[in-house]
Amino acid sequence: MTTFEHLLVEKQDRIAWVSIHRPKKLNALNAALLEELHQLFLSLKEESDIRIIVLTGSGEKAFVAGADIAEFAQFDAQQGKMLSRKGQKTVFDLIAQSSKPVIAAINGFALGGGLELALSCHIRIASTNARMGLPETSLGVIPGYGGTQRLAQLIGRGRATEMILSCRMVTAEEALNVGLVSQVVSQEELLSSAATLAEKIMCNSSNAMGHALRAIDAAYQEGVAGFEQEINAFGECFGHPEFKEGTQAFLEKRKANF
Ligand code: COA
């Protein structure tokens, strides 16, 4: 098994638990950490015994406090563009387009690139102490890892614009109210809630879930006809053994075994 410097990875009962681990820097995303996330998600994609991934931050204070400001403070325009493009392609889009569901368990500060990381996951749950925001304009820059797009898609243009321009952090409760997260629990219960949700999801066909994730994502892809994608994916499910098992189990009044 690959070992990482900035990621703690534990695999158990078909779930990969991934903790971002840069404790002295509130888990801020530097280039080395992003490369590790890239490598990890590529390898999880190939691991047939892993059905779902839970991403969280190590420690009690932060999920991820942003991209590592010290690392890009001296960059020029060209380097800035490369930083954003490379990060989007190799990590944030890779996670968003994963055919295995990815749950962000937001256990503290999720700021800047940290919130963008959570936004690239398919589902977000948070602990009551979590604080979320995109403070980039306070640094003279804008969100560069998909935040201007994904936050607006999720909570609406007006609310996203307000958060991005004001740099205001929202509480877990407010995040729940606007649909930024779908569940808020105490910090002690966060990982067990993630496990309960993961187990519920894993009862269902992973083939169908992969198709569903791609079809949902199609609505946000330029030049992709989402309804057409849905029709094709719907049809393809019929040719998969999990469809036979799911429908057969229903007819035989038993639980499907996926
Ligand atoms: N990049 C680099 N280092 C960061 C960081 C980031 N995004 N966020 C936190 N750190 C570092 C701090 O510099 C500090 O390092 P040091 O001990 O070597 O000085 C360490 O993590 C602890 O952070 P600190 O600021 O002392 O903790 P705090 O409890 O006082 O404040 C925050 C917590 C999250 C409010 C504050 O760290 C913060 O505002 N971070 C930046 C958030 C941000 O703008 N993110 C967007 C980046 S694009």
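Just so you know, ligand 1 is whichever comes first in the structure, and atom 1 is the first atom listed for that ligand.
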### Query
Looking at Cys167 and Ser138, what are the two nearest heavy atoms and their distance?
SG-N, 3.5 Å
### Nearest heavy atoms of Tyr145 and Leu34, plus distance in Å
OH-CD1, 3.5 Å
### Task
Answer with yes or no whether Glu71 contacts ligand 1, where contact means a heavy atom under 4.0 Å from a ligand atom.
no
### Query
What's the shortest distance from atom 5 (C) of ligand 1 to any protein heavy atom, and which residue and atom give it?
Ala28 CB, 4.0 Å
### Message
Quick test of your reading of the structure: of Pro135, Ser138, Pro143, whose heavy atom lies closest to atom 46 (C) of ligand 1?
### Response
Pro135
### Query
Is there at least one protein heavy-atom neighbour under 4.0 Å from atom 12 (C) of ligand 1?
no
### Summary
Closest to atom 4 (C) of ligand 1 among protein heavy atoms sits Lys25 O, 4.1 Å
### Task
Work out whether the distance between some heavy atom of Lys61 and some atom of ligand 1 is less than 4.0 Å.
yes
### Message
Under a plain distance cut-off of 3.5 Å, with no hydrogens placed, do Asn129 and Ser127 share a side-chain donor-acceptor pair?
### Response
yes
#### Entry: Any protein heavy atom < 4.0 Å from atom 19 (O) of ligand 1
no
### Message
Yes or no, since that's all I need: does a protein heavy atom fall within a distance strictly under 4.0 Å of atom 38 (C) of ligand 1?
### Response
no
### Query
Any protein heavy atom under 4.0 Å from atom 48 (S) of ligand 1?
yes
#### Entry: Value rounded to 0.5 Å, distance of CG in Leu117 from CG in Leu33
9.0 Å
## Note on the structure
A student checking ligand 1 against Leu111 at a 4.0 Å heavy-atom cut-off should list atoms 34 (C), 42 (C)
### Query
Does the side chain of His38 come under 3.5 Å of the side chain of Thr90 through a donor N or O and an acceptor N or O?
no
### Non-hydrogen atoms of Met169 and Phe109 that approach each other most closely
SD-CE2, 3.9 Å
### Task
Indicate yes or no: does Arg85 engage Asp93 in a salt bridge with an N to O separation below 4.0 Å.
no
### Ionic contact status for Asp68 with Arg22, cut-off 4.0 Å
yes
### Query
Which of the atoms of ligand 1 are close to Asp68, meaning less than 4.0 Å from one of its heavy atoms?
1 (N), 2 (C)
### Polar proximity ligand 1 side, Leu139 side, N/O cut 3.5 Å exclusive
no
### Task
Take atom 27 (O) of ligand 1 and look for protein heavy atoms under 4.0 Å from it; say yes if you find one, no if not.
yes
### N or O contact, Glu136 vs ligand 1, cut-off under 3.5 Å
no
### Query
Does atom 8 (N) of ligand 1 have a protein non-hydrogen atom under 4.0 Å from it?
yes
### Message
Do Gln149 and Gln153 pair up side chain to side chain, a donor and an acceptor below 3.5 Å, judged on atom types alone?
### Response
no
### Message
Can you confirm, on distance only, whether ligand 1 has an N/O atom lying under 3.5 Å from any N/O atom belonging to Ile69?
### Response
yes
### Query
So which protein heavy atom does atom 25 (O) of ligand 1 come closest to, and at what separation?
Leu26 CD1, 4.9 Å
### Summary
When rounded to the nearest 0.5 Å, the distance separating CG of Leu8 from NE2 of His21 is 5.0 Å
### Task
Using only heavy-atom distances, determine whether the side chains of Thr171 and Glu174 contain a donor-acceptor pair under 3.5 Å.
no
### Message
Is the ring pair Phe238/Phe243 parallel, tilted or perpendicular, if the boundaries are 30 and 60 degrees?
### Response
tilted
### Task
Consider ligand 1: state whether an atom of it lies below 4.0 angstrom from any non-hydrogen atom of Gly113.
no
#### Entry: Option whose closest heavy atom lies nearest to atom 45 (N) of ligand 1, chosen from Ala65, Gly147, Pro23, Gly112
Ala65
### Query
To which protein heavy atom is atom 14 (C) of ligand 1 closest, and what is the distance rounded to 0.1 Å?
Lys24 O, 4.4 Å
### Message
Only heavy atoms of Phe109, strictly under 4.0 Å: list the atoms of ligand 1 that pass.
### Response
33 (C), 34 (C)
#### Entry: Over all atoms of both residues, closest heavy-atom pair of Thr148 and Ile164
CA-CD1, 4.1 Å
